[in-house]
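A, B, ... follow the sequence lines: proteins, then strands. Residue 1 opens every chain. Any value given below was found using the heavy atoms of this structure, including those in side chains, with hydrogens, waters and symmetry copies removed.
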Amino acid sequence: MKKELAKTYDPKSIEERLYNSWLEKKYFRATVNKDKTPYTIMMPPPNITGQLHLGHCMYTIQDIMIRFKRMQGFEALWLPGTDHASISTEVRIVNAMAKEGLTKADLGRDEFLRRAWAWKDEYGGRIVSQLKKLGASCDWDRERFTMDEGLSDAVLEVFVRLYEKGWIYRGEKLINWCPHCKTTISDAEVDHEDKNGAFWHFKYPIDGTDEFLTFATTRPETMLGDTAIAVNPDDERYKKFIGKTVTVPIVKREIPIIADSYVDIEFGTGVVKITPAHDPNDFEIGIRHNLPIINIMDDDGSMNENAATYKGLDRYEARKKIIAEFKDLGLFVKEEPITHSVGIHERCNIVIEPLIKLQWFVKMEDMAKPAIDVINQGKLRIYPERFTKNYMGWLENIRDWCISRQLWWGHRIPAYYCEDCGEITVSKTAPDKCAKCKSTTLRQDEDTLDTWFSSALWPFSTLGWPNDNEDLSYFYPTDTLVTGYDIIFFWVVRMVFSGMEQMGDIPFKDVLINGLIRDEQGRKLSKSLGNGADPLEVIDKYGADALRFCLITGNAPGNDIRFNWTKVESSRNFINKVWNATRFIMMNMTDEEIENTPDNLTATDKWILTKMNEIVKEVTANIEAYELGIAVQKIYDFTWDEFCDWYIEMVKPRLYNKEDKTRDAALYTLKAVLINILKLLHPYIPFVTEEIFLTVQNKEETIMLSRWPRYDDGLRFEAETNEIELVKDAVKAIRNIRGEMNVPPAKKVKIFVVSSDEKIAQSFKRAESYVKTLAGSSEVFIQSDTAGIDDGAVSIVIPGGTIYLPFDELVDVEKEILRLSAEVKKYENEIERAEKKLANEGFVKKAPQALIDEEKGKIEKYKEMLRGAKEQVERLGTHH
RNA sequence: GGGCGUUUAGCUCAGCUGGGAGAGCGCCUGCCUUACAAGCAGGAUGUCACAGGUUCAAGUCCUGUAAUGCCCACCA
């Protein structure tokens, strides 16, 4: 029984069904196949805490590339997975526990982790199932999780290797501390926000004198940790004080006045208080001058025992109290309002504190270099290219990476401390005794690793590394990484240096950077704003295909995209157009298949086949260059404008006349072009194209997924193409005149095509049937003179001839003359323009020949039309 | 303080390596033409931010200016 398409396009009835059948048939499976070339994309793993939001819908780009390559015959692997997202997940679990009145300490590590895994089991699959709704053609059999067994093994392996190489070390350094999350965070996780604050000026009494040194600070509480006062060695004002001491009043600490060129004479008072434990610059100065480092803060941001009477106070409480106390002491000078940049933890928006802590770091210097080199050597390319600057800038200024986190959800650091001798043993498996003193009382480091430590290994850990295997050697290096510009630093850079270090090769050849999706007002999507449409709602209303289509259309790589509903709707309308075009074709189709190209193709058929062939070529090139938006625009225009609005309309008379000898040729062409359109569209809108394809082919099983159309040298019919374009122009001109003259659409008119050129006469002869329907004509007369044409007929000049439209109503001859005179003027201008151009020596000498020929051709064409138009003016004039 | 974008039709945006300005939506006119009113035919609208420069030729390349946005940065 012949299949049929439903009357209206309804995505809901097809998308889920098709996706399930794809899964069943394992279309997305990719395995080692030596006969094929692999094409691999590793999906940026979404957080298990996440829900599908519009941002994830940019995964469509990956799906388009994968489907395109799969159709081209590559062994296309799109490997999906999720990220444990240590801090983000842990915060959620802690919050959920808080509702039960529980804390991490109450539960203990094991119980906490049990809960965390339960959480993962419950929510970790959510985002994955939502991606399926979007149509993602991943090889789900290969789905990985950053904390699954294999990936955890990779993490330990890398940690141990780097430790043994001396590139992972433990050290006491200034780190970014989040007092809310009570963990360190990396530099990349600190956002800088300009905040309104105050610049408080205080003075310290100089010991042994009655003089003071006035300085300013934005964080008065750090005075508790001051261990020096610094001035510039060349500052005449303060030279005399260098070497003396001041006393920090509130803690009665005597500290030296030191000279350091870091201090800017011009800025503030030229005097800087030095707090090595709580400021990066001060820390450096502290090291240079061998200053004591006094940590005054506890992990929650409150003052600790070094803060004397302020112990236990929150940092901001302490600040207030200290200011008040300085006022009492008469050592407060003034308060200036100031906006300054403050470090904020991007997750919780709490002001971070620089603190000294004993942490694990990755030494970056040696690893950064190869990651820079691969760009310079052109082995790794970033699209659009401008993002390479971001990438390089970050790597060139990189600092050691703090990788230890005071969290439980994550990969626990494989370092074991001997309780007896303090020796550190780093090992993938827990050692039973200390390597140095043989003690068996060993304690594993409590901390876990930065979540990006594991995702940095994603391109190879997901393929089974560190175990050598076929998958790894076949699919690695991967081909394209597609991700947003917001995680170049976090992730892209780290994958590159990890790949270079562990695999000795780049993790991917191309990085395609996509923009961020914004809401309808152009704002960034954010959880707190709750803005942005819910993709599931969009899919529910318009279908995944429409959503995919709308996100890709009219977007250039790397540019942000503003979501808007009307765009989704017009995408859906386009899909509906394809749907209905198919219905029309099927309505007319006969049961027997036309296997081979018929030999009675008409000019019209050859014209559309030529156009289609061109589109195939261009679209393929565009997609290969990651120009997805340009490509889809071309398919859109070709489908709607050329195919539906012109070709189908042109072909209708042939279809309606069962006796027409070229009916089969029309049907063949309709189907051939339709199928190619479906294929070109398939990567973008996989569901509906598949549904249509199966219906048209009357099949249950697709072959569409496996074959991308190829450019065919045999499908270039230049003469026919020119012929049809000429007729199209004529039809357009007739419609135009009809509109201008307010001729009702239902009104059929006679058309006289007058030309002494036999070729043109033949062209219109061949086109007669559809010119009638397209131009609303009762009869088309093709003749070499104006015999029988009413004097009052409206005329249209075409290259090589004139078309007359005798309307029943009397034409206003004055107006007609005016109209035709305007045409005359137009042609004269065109000719003048082209002649000027050709008279330009420089142009003739340097412009490409094709362009010169084109201009010459124009002159000929317009001269002809000019002559015709003049004749018409004359004719009307004498008639008048 | 550096770096990178953006500025094109009323709105949202395309425009690849320089060779006569485009789409969608909106707007105006007219059509329920037996695939589609989620449609058809026709139409209007742009000193391509500004100023210089290179070139036979600039929305496209160079320099500068202005507006706007983002990223990076230890000036207390």
When you compare B:G30 with B:G19, how far apart are their P atoms, in angstrom units rounded to a whole number?
-> 40 Å
For nucleotides B:A37 and B:G22, find the distance between their C1' atoms and express it as a whole number of Å.
-> 26 Å
Whole-Å gap separating C1' (B:A38) and CH2 (A:W565) | 16 Å
Can a donor-acceptor pair be found between the side chains of A:Y626 and A:D510 at a distance below 3.5 Å?
-> yes
Measure from the ring center of A:F215 to the ring center of A:Y204 and say whether it is less than 6.0 Å.
-> yes
Measure from the side-chain heavy atoms of A:A556 and tell me the nearest of B:G15, B:A35, B:A38.
-> B:G15
Given B:G30, B:G42, B:A76, the nucleotide with the shortest approach to the side chain of A:N736 = B:G42
Is A:F215 touching bases, backbone alone, or none of the nucleic acid, heavy atoms closer than 4.0 Å?
-> nothing
Mapping A:G842 and A:E627 to their closest nucleotides on RNA chain B, which lands nearer the 5' end?
-> A:E627
Who pairs with B:C25 - Watson-Crick or G-U, where each distance is under 3.5 Å = B:G10
So, A:E569 and A:T566: side-chain donor and acceptor under 3.5 Å apart, yes or no?
-> no
Determine the Euclidean distance between corresponding C1' atoms of B:C32 and B:A41; express it in Å to zero decimal places.
-> 14 Å
Start at the 5' end of RNA chain B and walk down; is the nucleotide closest to A:E520 or to A:G739 reached first?
-> A:E520
Does a side-chain N-to-carboxylate-O contact under 4.0 Å join A:E614 and A:K634?
-> no
Quick one: is A:K652 getting a side-chain N or O under 4.0 Å of the B:A35 phosphate, OP1 or OP2?
-> yes
B:U60 versus B:G5 - spacing of their P atoms, nearest Å | 15 Å
For A:H201 and B:A76, give me the distance from atom NE2 to atom P, rounded to whole Å.
-> 12 Å
What string of B, S and - do you get for nucleotides 17-26 of chain B, 5' to 3', when a contact is any protein heavy atom under 4.0 Å?
-> --BB--SS--
Between A:M650 (CE) and B:A35 (P), how many Å, whole number?
-> 18 Å
Nearest-neighbour nucleotide for the A:R386 side chain, B:A38, B:A35, B:G5 considered | B:G5
Name the nucleic acid region contacted by A:N559, choosing base, sugar-phosphate or nothing; use a 4.0 angstrom heavy-atom cut-off, strictly under.
-> sugar-phosphate
Quick one: which of A:R319, A:K273, A:H278, A:R315 gives a side-chain hydrogen bond (donor to acceptor under 3.5 Å, both in side chains) with A:T222?
-> A:K273
Any idea how A:W565 and A:F563 line up, ring-wise: parallel (<30°), tilted (30 to 60°), or perpendicular (>60°)?
-> perpendicular
Give a yes or no on whether the backbone of A:A371 and the side-chain of A:Y391 come within a donor-acceptor separation of less than 3.5 Å.
-> yes
Length of the line joining A:N281:CG and B:C74:C1', which is rounded to integer Å | 3 Å
Which residues pass the side chain to side chain donor-acceptor pair (under 3.5 Å) test with A:K541, sequence neighbours left out?
-> A:E537
Presence of donor-acceptor pair under 3.5 Å, side chain of A:R572 and base of B:A38 = yes
Please report, rounded to the nearest Å, how far the C1' atom of B:C75 is from the CG atom of A:D282.
-> 11 Å
Side chains of A:N281 and A:Y262: is there a donor and an acceptor less than 3.5 Å apart?
-> yes
If we take the C1' atom in both B:U7 and B:G46, what is their distance in whole Å?
-> 14 Å
Measure from CG on A:N657 to P on B:U34 and round the result to the nearest Å.
-> 19 Å
Between the protein and nucleotides 70-73 of chain B, list the N/O to N/O atom pairs that are separated by less than 3.5 angstrom.
none

For B:C75 versus B:C4, give the span between their C1' atoms, rounded off to a whole number of Å.
-> 24 Å
Determine the Euclidean distance between corresponding C1' atoms of B:A21 and B:G59; express it in Å to zero decimal places.
-> 8 Å
Evaluate side chain to side chain contact (heavy atoms under 4.5 Å, CB included) for A:L674 paired with A:V696, printing each intermediate quantity in order.
-> CA-CA 10 Å; A:L674 173 70; A:V696 172; 4.0 Å; yes
Integer angstrom distance from the C1' of B:C70 to that of B:G24 = 27 Å
Atom CD of A:E346 with >12 non-hydrogen neighbours under 6.0 angstrom = yes
Tell me whether the OP1 or OP2 atom of B:U55 has a side-chain N or O from A:K845 closer than 4.0 Å.
-> no
Compare the minimum distances between each of B:A38, B:G15, B:C40 and the side chain of A:N576, then state the nucleotide with the smallest one.
-> B:A38
With no hydrogens and no angle check, do the side chains of A:N196 and A:T339 hold a donor and an acceptor under 3.5 Å apart?
-> no
No-H, no-angle donor-acceptor pair, A:E649 side chain to B:A41 base, under 3.5 Å | no
With a non-hydrogen cut-off below 4.0 angstrom, is A:G629 in contact with a base, only sugar-phosphate, or nothing?
-> nothing
Does A:N840 get its side chain close enough to the base of B:C56, under 3.5 Å, for a donor-acceptor pair?
-> no
Base-pairing mate for B:G69 - Watson-Crick or G-U, with both contacts under 3.5 Å | B:C4
Closest to the side chain of A:D645, out of B:A35, B:C40, B:A76, is B:C40
Separation of atom CD in A:E740 from atom C1' in B:A44, rounded to whole Å = 13 Å
Distance in angstrom units between A:I648 CD1 and B:U33 P, rounded | 18 Å
Can you tell me the Watson-Crick or wobble partner of B:A58, both distances under 3.5 angstrom?
-> none
